[in-house]
Amino acid sequence: MSTPEPAQSVPADSSESTGQPVVVPAPAPGTEPFVSLHTAVVLLAAVVIGLVIATLTVLSGAHPATAAITGLTAAGASTGVLRNLIR
C-alpha cells in the first residue's frame, strides 16, 4: 500500500512580484449574468425600503391597500436615488 504524496505548494501569483496588473479574460458569449450586481443591489435595497414603509404605514392604522400603494411608491421613488448613491 502506497503512502499519499504530500500536498504541493502553489507558487504565489506572478503579478504580485512583478507589479503587473492581472488580466481577467472576458466571459464567453451567453454567460453574462441576467442582471448586474449593481442592479441587483439597487433593486434589493428599494424593495427593503418599500417593505419598511408599507409596514410602518400599516402599523400607523392605515388600510393595507393604502400601505401597499405607499410601499410601492417609496420603492419606486428610492430606485433613482439609490442608483446614484450606490456605485
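- Nearest heavy atom pair, residue Gly71 against residue Ala54, reads CA-CB, 4.0 Å.
- Sorted by first and then second residue, the side chain to side chain donor-acceptor pair (under 3.5 Å) pairs with a member in residues 23-51 read Ser36-Thr39; sequence neighbours excluded.
- Distance NE2/His63 to OG1/Thr70: 12.0 Å, rounded to 0.5 Å.
- Annotation for Val81: hydrophobic cluster partners, listed by chain and number, are Leu85 (ILVMFWY side-chain heavy atoms under 4.5 Å, direct or chained).
- Here the closest heavy-atom approach between residue Val35 and residue Ala40 is recorded as CG2-CB, 4.4 Å.
- Other residues sharing a hydrophobic cluster with Ile86 under the 4.5 Å side-chain heavy-atom criterion for ILVMFWY residues are Leu37, Val41, Val42, Ile49, Ile53, Leu82.
- Taking every heavy atom of both residues into account, Ala46 and Thr79 meet most closely at CB-OG1, 3.7 Å.
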